[in-house]
Amino acid sequence: AASASSTGVVNLNTADIASLETIKGLGATKAQAIVNYRQQHGNFTSVADVAKVPGIGPKLLAKIEADLTV
């Protein structure tokens, strides 16, 4: 069985908080932090840029990066 989400990947530059929360490992606080970061700094240029968001470190990035796109 495929481990990919049936809904596909979530776009960091267009997703709202509810969409981000569908990713395993992201709760309301981190989803809000991603949206806040995007509003303050503009769109992400790569999935790796999400590591610049406070509270998202290398371990979490490794866990969620397959579920994200830009």
Side-chain angles (χ1 to χ4, degrees):
S3 61
S5 168
S6 60
T7 58
V9 295
V10 175
N11 188 310
L12 283 168
N13 293 325
T14 59
D16 59 12
I17 293 169
S19 297
L20 290 166
E21 285 184 83
T22 65
I23 298 171
K24 186 172 181 165
L26 289 183
T29 302
K30 287 186 175 72
Q32 181 67 59
I34 290 170
V35 171
N36 290 347
Y37 184 92
R38 186 177 68 210
Q39 290 171 343
Q40 293 170 0
H41 301 279
N43 283 348
F44 294 94
T45 56
S46 72
V47 171
D49 283 347
V50 79
K52 297 176 184 176
V53 176
I56 299 182
K59 283 186 178 180
L60 180 56
L61 175 61
K63 182 177 179 181
I64 66 174
E65 65 185 341
D67 297 319
L68 299 171
T69 190
V70 290

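If you read the sequence from its start, that first residue is 1, and numbering goes on from there.
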Please list every donor-acceptor pair under 3.5 Å in which a side-chain atom of residues 48-55 meets a protein atom from a residue at least two apart or in another chain.
| residue | atom | partner | partner atom | Å |
| --- | --- | --- | --- | --- |
| Asp49 | OD2 | Thr45 | N | 3.1 |
| Asp49 | OD2 | Thr45 | OG1 | 2.6 |
| Asp49 | OD2 | Ser46 | N | 3.4 |

Interatomic spacing from CG in Asp67 to CG in Leu20 - rounded to 0.5 Å | 11.0 Å
Nearest 0.5 Å please: distance from the CG atom of Leu12 over to the CG atom of Asn43.
-> 9.5 Å
Between Gln32 and Asn36, a side-chain donor and acceptor under 3.5 Å = yes
Distance from Thr22 atom OG1 to Ile17 atom CD1, nearest 0.5 Å?
-> 12.5 Å
For Ser19, check side-chain hydrogen bond (donor to acceptor under 3.5 Å, both in side chains) against everything at least two apart and list the hits.
-> Asp16
Enumerate, atom names and distances included, each donor-acceptor pair closer than 3.5 Å involving a side-chain atom of residues 23-30, sequence neighbours excluded.
none

On a heavy-atom basis, the closest approach of Val10 and Ala15 is CG1-CB, 3.4 Å
